[in-house]
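One structure is given here, and the rest of the page talks about it.
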Amino acid sequence: MQVHINQKLLGANELVAKENRKRMAEKGVYLLNLMSSPGAGKTTVLEKTLPLLKERIKVAVIEGDIATVRDAERIAALSVPVVQINTHGACHLDATMIQAVLDKFDLDNLDLLIVENVGNLVCPAEFDLGEAAKVVLLSTTEGNDKIPKYPLMFHEADGLLINKIDLLPFTDFSLEEVAKDLQKINAHLPTFPLSARTGEGMEAWIHWLLQKMQEGRERP
Ligand SMILES: Nc1nc2c(ncn2[C@@H]2O[C@H](COP(=O)(O)OP(=O)(O)OP(=O)(O)O)[C@@H](O)[C@H]2O)c(=O)[nH]1
Ligand SMILES: [Mg+2]
């Protein structure tokens, strides 16, 4: 019975996600869904990424959190358009929440809309927002077991950021282990080790993102 209800809910989400995807394609906006566990560094990576992107394209952000507008305040401080969604307990954003805030952006003057999802490696993987790409962020302080333990998130991803590499010497995290685990789950997943603290690795990730956007324009 419960499974049945779940299926219906996900079905309704799929329909709205489809509408979002169509609208983004019509407007020429690339929608990116950024996901990770809490504290892995999504907002900090955005704080480092957005100033570099702003020099090249028009970008805006949707922040998803259970409560507070703290992350939106951090993005607004960079003079990037941002809307905060509070889910009031829900562990993920869904397509309807995204649809409800799209009109708050000047979509005709936008190239990229980044969604920072609620910090969680489970539920966000199950909800299509209508995005063009899913990027997962894993940090070196979380341990190497996260890829096999949360396989759906890493299976669905189009790109993987490994953040906090400045802390590698102080952890037992292994980039070789990541490569081995990905062989089983998502063998060709583009992976970008970086540090939002030092800025190391940022250019490679931004270059890849701009290329993905270009491919999206050529093959909508
Ligand atoms: N050493 C180090 N610390 C980092 C790095 N990136 C983020 N942090 C720190 O990690 C903590 C969490 O960063 P946030 O960017 O707020 O994490 P988040 O994923 O947005 O968290 P939620 O939105 O709560 O899910 C902060 O104290 C950051 O300063 C990094 O590359 N290196
Ligand atoms: Mg955040």
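Because the structure is a prediction, the values reported are computed rather than measured. When a ligand or atom number is given, it counts from 1 through the structure's own listing order. Here, residue 1 is the first one in the sequence, and each next residue gets the next number.
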Exercise for the section: Would you verify that at least one protein heavy atom lies under 4.0 Å from atom 26 (C) of ligand 1, or report that none does? Expected result: no
Handout entry: Which of the ligand 1 atoms, numbered from 1, are nearer than 4.0 Å to a heavy atom of Arg74
Key = 15 (O), 16 (O)
Problem - Ser36: side chain to side chain donor-acceptor pair (under 3.5 Å) partners, not counting sequence neighbours - result: Lys42
Exercise for the section: Report the distance from atom CG of Leu210 to atom CG of Leu53, rounding to the nearest 0.5 Å. Expected result: 6.0 Å
Practice task
Check ligand 1 against Pro38 and write out every atom of the ligand that is under 4.0 Å from a heavy-atom position of the residue.
Solution key: 25 (O)
Practice task
May I ask you to identify the nearest protein heavy atom to atom 5 (C) of ligand 1, giving residue, atom name and distance to one decimal place in Å?
Solution key: Lys164 CG, 3.6 Å
Handout entry: Part of Met35 with heavy atoms under 4.0 Å of ligand 1, whether side chain, backbone, both or neither
Key = neither
Handout entry: Protein heavy-atom partner closest to atom 18 (P) of ligand 1 - residue, atom, separation in Å
Key = Lys42 N, 3.5 Å
Practice task
May I ask you to check if ligand 1 and Leu167 share an N or O to N or O distance below 3.5 Å?
Solution key: no
Completion exercise
CD of Glu156 to CD of Glu131, rounded to nearest 0.5 Å, is 9.0 Å
Completion exercise
shortest atom 31 (O) of ligand 1-to-protein heavy-atom contact is with Ala196 N, 2.9 Å
Problem - Minimum-distance protein heavy atom relative to atom 6 (N) of ligand 1 - result: Asn163 ND2, 3.0 Å
Handout entry: For the Mg ion (ligand 2), every protein N/O/S atom that sits closer than 2.8 Å, waters excluded
Key = Thr43 OG1, Asp71 OD2, Glu116 OE2
Completion exercise
Checking heavy atoms under 4.0 Å, the part of Thr43 that sits near ligand 1 is both
Handout entry: Lys/Arg-Asp/Glu bridge criterion (N-O < 4.0 Å) met for Asp128, Arg21
Key = yes
Exercise for the section: Each residue besides Leu168 in its hydrophobic cluster should be listed here, by chain and number; the cluster joins Ile, Leu, Val, Met, Phe, Trp and Tyr at side-chain heavy-atom distances under 4.5 Å. Expected result: Met35, Leu121, Val122, Val136, Leu138, Ile147, Tyr150, Met153, Phe154, Leu160, Ile162, Ile165, Phe173, Leu175, Val178, Leu182, Ile185, Leu189
Practice task
Return the set of residues passing side chain to side chain donor-acceptor pair (under 3.5 Å) with Thr87 (not counting sequence neighbours), or none when no residue passes.
Solution key: none
Exercise for the section: Please work out which of the three classes, parallel, tilted or perpendicular, describes the rings of Trp208 and Phe192, given edges at 30° and 60°. Expected result: tilted
Exercise for the section: Using modelled atom types only, decide if a donor and an acceptor are shared between the side chain of Asp65 and the backbone of Thr68 within a distance under 3.5 Å. Expected result: no
Practice task
Heavy atoms only: give me the nearest Lys54-Val59 pair and the separation to one decimal.
Solution key: CG-CG1, 4.0 Å
Problem - Nearest non-hydrogen protein atom, atom 32 (N) of ligand 1 - result: Asp166 OD1, 2.8 Å
Problem - N/O separation below 3.5 Å, Gly39 to ligand 1 - result: yes
Fill in the blank from the handout: Checking heavy atoms under 4.0 Å, the part of Glu47 that sits near ligand 1 is neither
Problem - Subset of ligand 1 atoms that lie under 4.0 Å from at least one heavy atom of Arg197 - result: 1 (N), 2 (C), 3 (N), 4 (C), 29 (O), 30 (C), 31 (O), 32 (N)
Practice task
May I ask you to decide whether Arg70 forms a salt bridge with Glu116, counting only side-chain N to carboxylate O separations under 4.0 Å?
Solution key: no
Practice task
Salt-bridge test for Lys180 and Glu177: reply yes if a basic N is under 4.0 Å from a carboxylate O, no otherwise.
Solution key: yes
Problem - Protein heavy-atom partner closest to atom 15 (O) of ligand 1 - residue, atom, separation in Å - result: Thr44 OG1, 2.5 Å
Exercise for the section: Record the part of Asp71 in heavy-atom contact with ligand 1 below 4.0 Å; permitted values are side chain, backbone, both and neither. Expected result: side chain
Exercise for the section: State which residue, out of Asp108, Asn109, Asp106, fulfils the side-chain hydrogen bond (donor to acceptor under 3.5 Å, both in side chains) condition with Lys27. Expected result: Asp108
Completion exercise
min-distance protein heavy atom vs atom 17 (O) of ligand 1 -> Gly41 N, 3.2 Å
Handout entry: Name of the residue among Val101, Ile98, Val69 meeting side-chain contact (heavy atoms from CB on, under 4.5 Å) with Val83
Key = Val101
Practice task
Output yes when a side-chain donor or acceptor of Asn163 lies under 3.5 Å from a complementary backbone atom of Val45, and no otherwise.
Solution key: no
